[in-house]
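Whatever order the structure lists ligands and atoms in, that order sets their numbers, starting from 1. This is a predicted model, so every value here is computed, not measured.
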Amino acid sequence: MSLKLETERLNLQPFNKEDASRMKELANNQELATILGLPHPYELEHAEEWIAIQPEQIQKGLEYPLTIVTKKENKIIGTITIRIDKNNNKGELGYWMGREYWGNGFATEAVNKMIEFGFNQLNLNKVWASAISRNKASTIVLEKADLQKEGTLKQNKLLHGEYEDVDIYGILKEEYNR
Ligand SMILES: CC(C)(COP(=O)(O)OP(=O)(O)OC[C@H]1O[C@@H](n2cnc3c(N)ncnc32)[C@H](O)[C@@H]1OP(=O)(O)O)[C@@H](O)C(=O)NCCC(=O)NCCS
């Protein structure tokens with residue numbers, strides 16, 4: 001199975017140790033930290049620790065964390081992953097982009113590719129994602145990638161002292177192939 005995925009404008013590929021400083025640069029943003037619940041300030045060691053566990057996760061088929069790299073500038077602009085629930089043969093998407101790259105359709109492009117990877121290469125039955133209900137950018141990405149809203153979990157996440165509603169989105173293999 002090749003883990004280098006390609007779209008029109010992007011390469012999605014596994015992390016290298018050397019990517020830690022770029023991830024720190026991208027993740028060290030207050031707005032992003034607030035939405036994702038990341039530590040802020042985001043330190044180099046946070047990125048290093050995260051990258052260090054990835055080869056084992058990939059090798060065990062538990063999760064496929066990938067960098068999102070622009071072909072044009074060969075620059076990392078974000079990250080996307082699919083976390084596998086083997087018992088139920090489904091995968092959960094997670095993704096974020098550096099603040100300066102929002103609004104260019106990059107997340108939608110990456111999400112579409114990861115869904116294809118999940119169904120065609122991992123042979124999953126379902127791909128799903130959750131997003132804080134008021135995070136319109138994320139729910140729109142999921143809708144553009146043809147995931148359907150399955151419901152809202154009320155006050156499901158405590159984020160910076162506020163209980164947030166969470167929307168659940170999903171797509172089944174049979175729907176994808178239709
Ligand atoms: C969510 C996120 C990944 C989207 O990345 P992106 O590359 O900007 O996404 P896209 O450009 O593919 O699509 C975003 C869409 O949301 C729309 N949008 C953005 N903010 C919006 C808002 N406040 N209200 C309504 N629509 C909004 C954009 O216009 C775009 O839709 P369009 O293509 O129809 O114009 C990015 O905003 C991000 O990293 N956010 C912080 C982390 C996060 O939320 N991760 C997801 C956790 S579930």
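The only member of Asn28, Asn29, Leu26 that meets side chain to side chain contact (heavy atoms under 4.5 Å, CB included) when paired with Tyr42 is Asn28.
Checking Thr7 against Lys113 by side-chain atom types alone, no donor-acceptor pair falls below 3.5 Å. Side chain to side chain, Asn112 and Lys144 fail the donor-acceptor criterion of an N or O pair below 3.5 Å.
Note on ring orientation: taking the six-membered ring where Trp is involved, the planes of Phe119 and Tyr176 are tilted (angle from 30° to 60°).
Side chain of Asn16 to backbone of Glu18: no donor-acceptor contact under 3.5 angstrom is found. A distance-only check finds no donor-acceptor pair linking the side chain of Asn135 to the backbone of Ile132 [under 3.5 Å].
Sorted by chain then number, the residues whose non-hydrogen atoms approach ligand 1 to under 4.0 Å are Leu32, Ile35, Leu36, Tyr95, Trp96, Met97, Trp102, Gly103, Asn104, Gly105, Phe106, Ala107, Thr108, Ser130, Ala131, Asn135, Lys136, Ala137, Ser138, Ile140, Val141, Lys144.
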